[in-house]
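All chains are named by letter (A, B, ...) in the order of the sequence lines, taking the proteins before the strands, and each is independently numbered beginning at 1.
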Amino acid sequence: MARAAVSRRLTWRAATVREARWETASARTLVLDVPDWPGHLPGQHVDVRLTAPDGYSAQRSYSIASSWTGDGDGVELTVQRVEDGEVSTYLDDGLEVGQQLELRGPVGGWFVWRNEPAPVLLVAGGSGVVPLMAMIRARGDVRGRQPFRLVYSVRTPEDVCFAGELARRVRDDPGLDVHYVYTRKTPDGWPAPAGRLTVATLNTHGWPPDFAPDVFVCGPTSFVETAADILVALGHDPKKIRTERFGGTS
Amino acid sequence: MSIISPGFGGRRRSSRPDLPPGQYLTRDFPVLSAGPTPRIPLDRWQFTITDEVGKKHSWSWKEFQELPAEDVTVDIHCVTKWSKLGTTWRGVALDTLFENIETTADYTMVHGYGGYTTNVPLEDLLDGKAWVAYKFDGEDLAPEHGGPARLVVPHLYFWKSAKWVNGIEMLQQDEPGFWEEAGYHIYGDPWREQRYQGD
């Protein structure tokens with residue numbers, strides 16, 4: 001890990017909402033202008049701070065959804081609304097284009113893809129797809145030829161984030177595959193019944209351990225525990241499996 | 001600089017004096033780990049303190065269980081912003097483990113199964129400030145929470161409380177561990193909000 005890359009102070013910056021769009025009924029992408037943004041690596045996150053008129057404030061961490069190509073000052077956050085979540089509900093339903101918030105980052109030097117030559121396996125549970133999408137976008141930016149596979153577990157077809165963009169990239173980005181796992185409801189005509197991710201899923205749609213892929217798993221704690229256990233059982237080197245868990249938080 | 005968000009704050013959680021700045025209360029026990037959860041068979045478990053001249057002091061699981069244990073109730077604070085108050089643990093105080101160890105080193109690197117490391121100054125481990133815990137809430141510590149045994153240093157952000165702990169290495173100089181190397185604060189005091197390098 002590069003020590004020099006992180007030896008700078010993380011200050012709070014003002015970010016302005018340039019644009020907002022719904023990805024699903026409960027996940028919204030905020031396109032933020034952040035003057036003098038230092039850039040980021042796919043997989044990193046930012047801390048967001050909101051302050052109420054009476055001075056009360058709250059902070060949360062959000063993964064960055066966008067890649068960074070070296071031009072343009074800003075980041076995109078895709079925020080899944082959490083039931084009762086004081087920050088996510090405001091970011092999704094309260095914040096308007098033109099409004100400001102504070103953020104600092106980028107944070108994290110481990111769960112990142114650095115354009116290495118190895119094949120990559122991405123395993124997403126629900127909104128855990130966000131930092132993995134940043135990696136897919138970054139690979140697209142550099143026209144990377146590393147074989148990339150995304151296994152994306154969602155409850156229903158309506159819960160898929162970035163559905164249109166993923167379909168387009170599977171068509172246009174050579175060497176990118178996406179496999180969906182629907183846990184509650186499948187699309188019409190889907191060849192398998194709804195069900196959870198299994199050993200067979202990752203054996204069929206992941207890379208063989210012999211390829212020594214870099215593996216990134218992100219999702220709720222129980223999903224990540226299951227997926228990582230399966231990958232270890234299939235023979236993947238635990239040191240090649242990077243995980244990011246969320247759960248019970250908002 | 002402070003930017004006001006109109007209409008924000010309606011769903012706020014109660015603020016209380018025992019919550020460090022920027023933290024919120026959770027009743028769950030979320031998990032933060034960098035990789036898969038290691039499974040360690042107890043008959044192969046070992047805990048080793050290595051002093052600055054390389055001398056090793058080791059305990060098997062059985063020997064470890066025979067050490068005097070303490071029950072403690074402490075608040076824990078994760079750098080990802082959640083805090084959990086009044087958590088109960090059972091484990092061996094680091095004071096007990098260091099009883100017969102002579103050292104002039106002021107720093108330590110804590111190691112865990114799976115390769116995790118985190119640095120903690122020795123004085124933050126002694127005087128009743130840290131434990132190697134093997135029970136949480138009266139039950140055996142679950143693997144995803146660091147079982148069979150994890151370090152508990154409640155006065156620092158919880159990434160310092162290394163899961164699956166298997167040893168402490170004495171160092172003459174402070175060195176960054178896993179998350180510290182990745183941009184997190186070298187010391188990590190939640191009350192001074194030392195989340196990231198430079199805070």
Q: Which atoms of His236(A) come close to chain B, meaning under 4.5 Å heavy atom to heavy atom: side chain ones, backbone ones, both, or neither?
A: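 For His236(A), there is no contact with chain B at all, as no heavy atom is under 4.5 Å.
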
Q: Please classify the contact between Tyr90(A) and chain B as side chain, backbone, both or neither, with a heavy-atom cut-off of under 4.5 Å.
A: side chain

Q: What are the residues of residues 37-50 of chain B, in order of number, with any heavy atom under 4.5 angstrom from a heavy atom of chain A?
A: Thr37(B), Arg39(B)

Q: Atom CD of Glu102(A) and atom OG of Ser2(B): how far apart are they, to the nearest 0.5 Å?
A: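 Answer for the CD-OG pair, Glu102(A) versus Ser2(B), is 5.5 Å.
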
Q: Within the 4.5 Å heavy-atom criterion, are Asp47(A) and Lys81(B) side-chain neighbours or not?
A: yes

Q: For residues Ile4(B) and Ala52(A), report the shortest heavy-atom separation together with the two atoms involved.
A: CD1-O, 3.8 Å

Q: I'd like to verify something: which residue of Gly9(B), Pro6(B), Gly35(B), Pro143(B) has the highest number of heavy-atom pairs under 4.5 Å with chain A?
A: Gly35(B)

Q: Is there a donor-acceptor contact under 3.5 Å from the side chain of Arg245(A) to the main chain of Val31(B)?
A: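 Between the backbone of Val31(B) and the side chain of Arg245(A) there is no qualifying donor-acceptor contact (under 3.5 Å).
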
Q: Relative to chain B, which segment of Leu101(A) carries a heavy atom at a distance below 4.5 Å: side chain, backbone, both, or neither?
A: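 Contact with chain B: backbone only.
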
Q: Between atom CD of Glu225(A) and atom OG of Ser33(B), what is the distance when rounded to the nearest 0.5 Å?
A: 6.5 Å

Q: Does CG belonging to Asp36(A) count more than 12 external heavy atoms closer than 6.0 Å?
A: no

Q: Quick one, Trp110(A) and Glu181(B) - any side-chain contact, counting heavy atoms below 4.5 Å?
A: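 Answer no - side chains too far apart.
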
Q: Would you mind checking which part of Gln59(A) comes under 4.5 Å of any heavy atom in chain B, side chain (CB onward), backbone (N, CA, C, O), both or neither?
A: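 Contact with chain B is through both the backbone and side chain of Gln59(A).
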
Q: Take atom CD in Glu116(A); do more than 12 heavy atoms of anything else shown fall under 6.0 Å from it?
A: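 Yes, the 6.0 Å shell around CD holds more than 12 heavy atoms from other groups.
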
Q: Side chain from CB out, backbone as N, CA, C, O: work out which of these in Thr89(A) comes under 4.5 Å of a heavy atom of chain B, or both, or neither.
A: side chain

Q: Should Gln99(A) and Ile3(B) be marked as a side chain to side chain contact (heavy atoms under 4.5 Å, CB included) after you check the CA-CA gap, both sets of side-chain angles, and the distance that decides it?
A: CA-CA 10 Å; Gln99(A) 229 174 290; Ile3(B) 292 168; over 6 Å; no

Q: Looking at every non-hydrogen atom in both residues, tell me the closest pair between Leu10(A) and Asp199(B) and how far apart they are.
A: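 That closest heavy-atom pairing would be O-OD1, 4.3 Å.
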
Q: Considering all heavy atoms of both residues, which atom of Ser5(B) and which atom of Pro53(A) are nearest to each other, and what is their separation?
A: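 For Ser5(B) and Pro53(A), the tightest heavy-atom pair comes out as O-CD, 3.8 Å.
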
Q: I need the minimum non-hydrogen distance between Pro238(A) and Pro36(B), along with the two atoms involved.
A: O-CD, 3.5 Å

Q: Can the positive tip of Arg104(A) be found less than 6.0 Å from the middle of the six-membered ring of Tyr196(B), inside 45° of the ring normal?
A: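 No.
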
Q: Over 60° means perpendicular and under 30° means parallel, so classify the ring planes of Phe8(B) and Tyr56(A), tilted if in between.
A: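 It falls in the parallel class, under 30°.
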
Q: So if I take each residue of residues 111-133 of chain B and look for any heavy atom under 4.5 Å from a heavy atom in chain A, which residues do I end up with?
A: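 Result: Gly114(B).
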
